[in-house]
> 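Dropping a structure here in structure tokens format, bear with me for questions.
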Amino acid sequence: MKLTLYIWRQKNAADKGHMEKYQLNDVMEDMSFLEMLDVLNEDLILKGKEPVAFDHDCREGICGACSLTINGVPHGPEKATTTCQLHMRKFKDGDSIYIEPFRAKAFPVIKDLVVDRSAFDRIMQAGGFIGVSTGNAPDAHSVPVSKKNADLAMDAAACIGCGACVAACPNAAAMLFVAAKVSQFALLPQGQPERKKRVLSMVSQMQKEGFGACTNFYECEAVCPKQVSVRFIAKMNRDYLCSRVTEAVEV
Amino acid sequence: MTLDSKIPSGPIQDKWDKHKFEMKLINPANKRKYKVIVVGTGLAGASAAASLAELGYVVEAFTYNDSPRRAHSIAAQGGINAAKNYPNDGDSIWRLFYDTVKGGDFRSREANVYRLAQVSNNIIDQCVAQGVPFAREYGGLLDNRSFGGAQVSRTFYARGQTGQQLLLGAYSALSRAIGKKQVTMHIRKELKDLVIIDGRVRGIVTRDLVSGKIESYWADAVILATGGYGNVFFLSTNAQACNVTATYRAYKKGAFFANPCYTQIHPTCIPVSGEHQSKLTLMSESLRNDGRIWVPKNQGDKRKPNDIPENERDYYLERKYPSFGNLSPRDISSRSAKEVCDEGRGVGSTGYGVYLDFADAINRLGKHVIEERYGNLFEMYERITGEDPYMTPMRIYPASHYTMGGLWVDYNLMSTIPGLHVLGEANFSDHGANRLGASALMQGLADGYFVIPYTIGNYFGSNKFDKITIEHEEFKKAEAEVAEKTNTLLSINGKKTPTMFHRELGKIMWEYCGMARNEAGLKKALELVPALREEFWQNLTVTGEGNDLNVSLEKAGRVADFLEFAEVMLWDALERNESCGAHFREEHQYPDGEAKRDDEHFTHVAAWEFQGVGKKPIRNIEPLEFENVKLAVRSYK
Ligand code: FES
């Protein structure tokens, strides 16, 4: 099939950036979206031009590296699918496709379609863990966990940290990402000792990073490649409020 | 050079405890005087960096990704083994040890494998304490399953995303240490060289992938946890960026590379769909429990699968291996698929694929049962191929998946360069010639959480370290070399892209050093690879600049190293004149196609020593002794 691509090109963080038009003539429907970009890039290199930079690694929908906003939708048109798992059979001959980076104040563009998502890492560093050092652990069977809670914790833990939730949110909020991690630990007995401290520090770091506030658009859930549920946001909000109150009393 | 594996004396079950007691300790107040560099943040690297930081060492960790959480350990699906014996089905440390040695086809080191089995239980405890959401039973205890043909249920799992959950566990431990400023994390920086001073490793040189800056970092010890080299085949189940550069550069600086010819091929991957293909996706092997594998009896039969009548189908595994049939071991199933495709009976547009058909199972059990068992796999298959496997058979083909070979390390996980330690898939130590399912995650975490924290202290305690800085001339020299090489890559101005060379290299390696190898083919490849390398340095084109984020430059550097490394792999495959585990030499097989070992001449590790690019490396030997598991022939009849 023939496609017209409009791709965001930006030399570096300081550059203003612009959309550039490319024509591709033999795109096969079995190609993945990123393989289609590979074809474009090979072509650009052979013409002496610079290839389009984009983040990607596993190409099987699990590492969370790939991003791209495709025709206005983070990870493109297919539900529950990362860009690397999106295939060209979802497009038609003659289509125009607009490809932009994930946009958010907290995700500055580094080059072309590559953005800096290290704000997520800093939120994790602020409290996204259970504070056990290696070697301290009791036997794995010493604390039973109800299957229901273990399954729910796994639903939350499925988050791949791609940032699509932020890119889709009109407020560029990171609530779904943070709520997923907070809820995973809040659902497990191992997570209880630091439960209040965790939610307070993670939320505070989230605010420092310049993510917006949640006003219940639920665009995040709609684009989440792992279908992490917005119910975790409600859960985190409850936890956050309780913790604010009780931690204040304790102090 | 004689290789000293430093295996402690005494009965196998006491070796590790005895060694732990005998190793030197570093006083808690002194630990902060030692600096460790950890390269790679997968299971092995992240767990090592976190654990060493908790002990009080100064740690600097590096990844070329944008976050430590992206490492490819994240893609492991199946599970992690441990000898907990929770299901009460007769498992034990001894049995896990035994199975692993046997599965490795008697080409691994007994003492290392025993230790791995011992610490496997601590890993599960540690991960549960970190909040890893393993699958549980209704009573609230952990669920186990049997995996990869094991006779006991010892595999712990978190849906089909065990690697992800374990990696996120290690990443959270690492994040905690970064937050406490115990670890300095460097992202988007790629190792380009190691620096050796007075015979010991003292640091690394990296390229910042955003600014292009070439930078030096010093340390008292360096840990490489940089994964395997499966991408030497171009197409593999590895992530795009996985490469051999770190371990290969260490090899060029004097670390021996052990058993590079041991590469594992996984039989059930989604086949290549065309030249554009960039990676192969693994489908869980469990599909073979209910799917029947077949190809048309006649060459070039292009009819749709459902139009080919029963009597014109060849269920070749059931025919050739009646007792195991579709569940024949990985290597046998893989080779049989290649055989029928080479005969011109392969299916799909490229002719490199075989059918995995669920029609019988659906008729027998009903669609809902199949859906319950494999629903998400069927969905993934449909997403990638656009075909509905409930209606038409899946197409599968083998692909490179894991590499058992790696840098040679002693019992302390130290390479032949003093101070350079190697963990996880990057070393060669525990899987012999073939890795069992659910053992990779176990080994990565064992090395990082429970082995290196002890053995590195011994290294520090046994040596004196001069203070150095990155102003040392060895750093300056290495930086200059890296800069020069970068400039060379940018200035060739030829006609072929780095990916074109990589694809060509992959084709050579897959053809002559893939699932089945023979002397003539390996010798031919030993001519083709150097010729391709020569062309690379004449005819490569890389656009863009050195001082910028430059994806084609990154790729070119990695391909350049693969082009040299491939030769070491070919030498190893040629000189290991036997079949064992995943290394199959066509000259050495039993009539049923099983690998035929030559224990008399090859019960050893081959550790290759660099002699110069294009020169044949020296093959050093570490003899292997089997005192606890008796050498026996693997049989799946
Ligand atoms: S590249 Fe890993 S999720 Fe897309």
Side-chain angles (χ1 to χ4, degrees), chain A residues 12 28-31 34-35 38-39 42 45-46 48-51 53 55-60 62-65 81 85 87 89 110-111 114 116-118 120-121 124-126 128-134 136-141 144-147 150 153-154 157-158 161 184-185 188 190-191, chain B residues 50-51 54 65-67 69-70 72 74-75 84 86 122 124-126 128-131 133-142 158-159 161 164-165 168 172-173 175-176 178-179 187 210 239-241 273-274 276-279 281 383-386 449 453 497 499 541 543-544 548-549 551-552:
Chain A
N12 50 42
M28 284 163 24
E29 60 166 31
D30 282 337
M31 288 178 179
L34 297 183
E35 284 166 351
D38 290 344
V39 171
E42 286 290 285
I45 297 174
L46 290 175
K49 296 192 182 131
E50 259 206 86
D55 267 325
H56 65 107
D57 202 16
C58 74
R59 296 203 174 185
E60 50 186 289
I62 191 76
C63 75
T81 303
Q85 295 280 77
H87 280 69
R89 66 182 72 88
I110 293 175
K111 177 171 184 166
V114 177
D116 178 357
R117 288 170 283 186
S118 51
F120 271 10
D121 288 316
M124 285 291 291
Q125 289 152 19
F129 47 77
I130 289 174
V132 284
S133 296
T134 306
N136 294 340
D139 184 86
H141 268 180
V145 181
S146 80
K147 179 165 164 43
M154 181 62 220
Q184 175 194 342
F185 293 142
L188 298 170
Q190 290 83 0
Chain B
S51 303
E54 287 159 7
N65 280 117
D66 71 325
S67 160
R69 67 180 292 157
R70 312 276 186 227
H72 198 56
I74 206 154
K84 283 282 195 186
Y86 284 155
N122 304 87
I124 302 304
D125 299 341
Q126 181 64 29
V128 166
Q130 285 172 344
F134 282 120
R136 290 185 181 260
E137 294 170 343
Y138 284 99
L141 300 182
L142 294 158
R159 296 207 184 129
Q161 293 124 276
Q164 181 200 23
Q165 293 311 314
L168 293 182
S172 70
S175 297
R176 171 172 169 247
I178 299 168
I187 58 166
V210 176
Q240 295 295 295
S273 63
H276 58 264
Q277 190 94 25
S278 61
K279 88 154 273 158
T281 304
R383 188 174 302 145
I384 293 174
T385 62
Y449 283 134
T497 66
T499 303
T541 181
T543 51
D548 191 7
L549 194 161
V551 284
S552 67

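Computed from a predicted structure; not experimentally measured. Proteins come first, then strands; the chains are lettered A, B, ... in the order of their sequence lines, and each starts at number 1.
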> Side chain, backbone, both or neither: which part of A:D30 has an atom under 4.5 Å from a heavy atom of chain B?
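Both parts, backbone and side chain.
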> So which residue, A:T81, A:V39, A:L34, ends up with the most heavy-atom pairs under 4.5 Å with chain B?
A:T81
> Taking NZ, NE, NH1 and NH2 as the nitrogens, is one of them in A:K111 or A:D55 under 4.0 Å from a carboxylate oxygen of the other?
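Salt bridge flag = no for A:D55 with A:K111.
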> I need the residue from A:H141, A:R59, A:Q190 with the largest number of non-hydrogen atom pairs under 4.5 Å to chain B.
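Option with the top pair count is A:H141.
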> Is it the side chain or the backbone of B:I384 that comes within 4.5 Å of chain A heavy atoms, both, or neither?
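Contact with chain A: backbone and side chain both.
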> Have A:E50 and B:T543 got a donor and an acceptor in their side chains that come within less than 3.5 Å?
no
> Taking A:A137, A:S133, A:P51 one by one, which has the highest count of heavy-atom pairs under 4.5 Å against chain B?
A:S133
> Is it the side chain or the backbone of A:M31 that comes within 4.5 Å of chain B heavy atoms, both, or neither?
both
> Run the side-chain contact (heavy atoms from CB on, under 4.5 Å) test on A:H87 and A:E29 for me, step by step, so that the C-alpha distance in whole Å, both residues' side-chain angles and the decisive distance to 0.1 Å come before the verdict.
CA-CA 7 Å; A:H87 280 69; A:E29 60 166 31; over 6 Å; no
> Check whether B:N122 gets within reach of chain A through its side chain, its backbone, both or neither, counting any heavy atom under 4.5 Å.
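For B:N122, no heavy atom lies under 4.5 Å from chain A.
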> Between A:A150, A:G48, A:G161, which shows the greatest number of heavy-atom pairs under 4.5 Å with chain B?
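Of the options given, most contacts go to A:G161.
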> Go through the atoms of B:H72 and report whether side chain, backbone, both or neither lie under 4.5 Å from a heavy atom of chain A.
side chain
> Side chain, backbone, both or neither: which part of A:Q184 has a heavy atom under 4.5 Å from chain B?
side chain
> Report yes or no: do B:S278 and A:E35 form a side-chain donor-acceptor pair below 3.5 Å?
yes
> Side chain, backbone, both or neither: which part of A:N136 has a heavy atom under 4.5 Å from chain B?
backbone
> Using non-hydrogen atoms only, which part of A:A153 is less than 4.5 Å away from chain B: side chain, backbone, both, or neither?
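Contact with chain B: backbone and side chain both.
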> Who are the salt bridge (charged side-chain N to carboxylate O under 4.0 Å, His left out) partners of B:R69, not counting sequence neighbours?
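By the salt bridge (charged side-chain N to carboxylate O under 4.0 Å, His left out) rule, B:R69 matches no residue at all.
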> Atom CD1 in A:I45, atom OG1 in B:T497: separation rounded to 0.5 Å?
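That separation rounds to 5.5 Å.
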> Sequence neighbours left out, what passes salt bridge (charged side-chain N to carboxylate O under 4.0 Å, His left out) with B:K279? Give chain and number order.
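Scan of B:K279 (salt bridge (charged side-chain N to carboxylate O under 4.0 Å, His left out), adjacent residues dropped) gives A:E60.
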> Most heavy-atom pairs under 4.5 angstrom with chain A, which of B:V551, B:D66, B:L168, B:V210?
B:D66
> Of the backbone (N, CA, C, O) and the side chain (C-beta and beyond), which part of A:L188 lies under 4.5 Å from a heavy atom of chain B, both, or neither?
side chain
> Is it the backbone or the side chain of A:D57 that comes under 4.5 Å from a heavy atom of chain B, or both, or neither?
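Contact with chain B involves both backbone and side-chain atoms of A:D57.
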> Between B:Q126 and chain A, which part of the residue has a heavy atom less than 4.5 Å away: side chain, backbone, both or neither?
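Contact with chain A involves both backbone and side-chain atoms of B:Q126.
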> Contact part of B:Q130 toward chain A, heavy-atom cut-off under 4.5 Å: side chain, backbone, both or neither?
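Contact with chain A: backbone and side chain both.
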